[in-house]
Amino acid sequence: MPFYRQYGSKSLKAIEHLVLFIIAIATIVAIGQEIVHIISVRMVVLADLLLLFIYLEVLAMVASYFESGKLPVRMPLYIAIVALARYLILDMKSMDDWRIAAISLSTLILAATVIVIRWGQLKMPYPKNQEYDN
């Protein structure tokens, strides 16, 4: 066990930071590609803006994870909500009514989940001095 504590934990942290850095770089490249696409077609549509918001949330999530070492559960939920909204906007004309209803219901469930999580954080916060990562 002492070997793991000395080298294993540090190695895993280094790999974790490397992967986070790769995710950040890939997201920045994707943002650049989207901007180039917008410039090339000379038109900005709502789907493009929503995609940029998704990329922005991914970057914010990576930055938050770098700073605190913890991943806020709400951030992936926000990304999922925006992704579902983008999917609905892009493909609504070719979807049947049941698919539109299912996507809308999924979005509502995710939004309700965010509200419940936030309510739980406000009403039942973790004690500040207690470690839960052990």
Residues at least two apart in sequence or cross-chain that pass side chain to side chain contact (heavy atoms under 4.5 Å, CB included) with Ile115, listed by chain then number, are none
Applying side chain to side chain contact (heavy atoms under 4.5 Å, CB included), can you list everything that pairs with Ile35, at least two apart in sequence or on another chain?
Ile31, Ile39
Can you give me the closest heavy-atom contact between Ile54 and Ala83, atom names plus distance?
CD1-CA, 3.7 Å
Using every non-hydrogen atom in the two residues, find where Ile79 and Glu57 come nearest and quote the distance to one decimal.
CG1-CB, 3.5 Å
Partner set under side chain to side chain contact (heavy atoms under 4.5 Å, CB included) for Ile23, not counting sequence neighbours
Val19, Thr27, Val58, Val62
According to ring pair (Phe, Tyr, Trp, His ring centres under 6.0 Å), does anything in residues 12-42 pair up with another residue at least two apart or in another chain? List the pairs.
His17-Phe66
Transitive ILVMFWY side-chain link Leu108 to Ile89, under 4.5 Å
no
dist Leu51:CG -> Leu46:CG (nearest 0.5 Å) comes out at 11.0 Å
Is Met61 reachable from Tyr78 through a run of hydrophobic residues whose side-chain heavy atoms are each under 4.5 Å from the next?
no
May I ask you to list the residues sharing a hydrophobic cluster with Leu90, side-chain cutoff 4.5 Å, ordered by chain and number?
none
Within a reach of under 6.0 Å around CE of Met124, are more than 12 heavy atoms found that belong to other residues, nucleotides or ligands?
yes
With sequence neighbours left out, which residue pairs that include part of residues 59-68 fulfil the side chain to side chain donor-acceptor pair (under 3.5 Å) condition?
Glu16-Tyr65
Group every Ile, Leu, Val, Met, Phe, Trp and Tyr by side-chain heavy-atom contacts under 4.5 Å, then state whether Leu77 and Met75 land in the same group.
no
With a 4.5 Å heavy-atom cut-off, do Leu52 and Ile38 have their side chains touching?
yes
Tell me, please, which residues at least two apart from Thr107 pass side chain to side chain contact (heavy atoms under 4.5 Å, CB included).
Ile81, Leu84, Ile103
Run through the side-chain heavy atoms of Ile, Leu, Val, Met, Phe, Trp and Tyr, join any pair under 4.5 Å, and report what else lands in Leu18's cluster.
Ile22
Enumerate the residue pairs fulfilling salt bridge (charged side-chain N to carboxylate O under 4.0 Å, His left out) with a member in residues 102-115, sequence neighbours excluded, ordered by first and then second residue.
none
Who pairs with Glu34 by salt bridge (charged side-chain N to carboxylate O under 4.0 Å, His left out), at least two apart in sequence or on another chain?
none
Show me the pairs that pass side chain to side chain donor-acceptor pair (under 3.5 Å) and involve residues 84-99, at least two apart or across chains.
Tyr87-Arg99
Work out which heavy atom in Arg74 is nearest to a heavy atom in Arg118; give both atom names and the distance.
NH1-CD, 3.2 Å
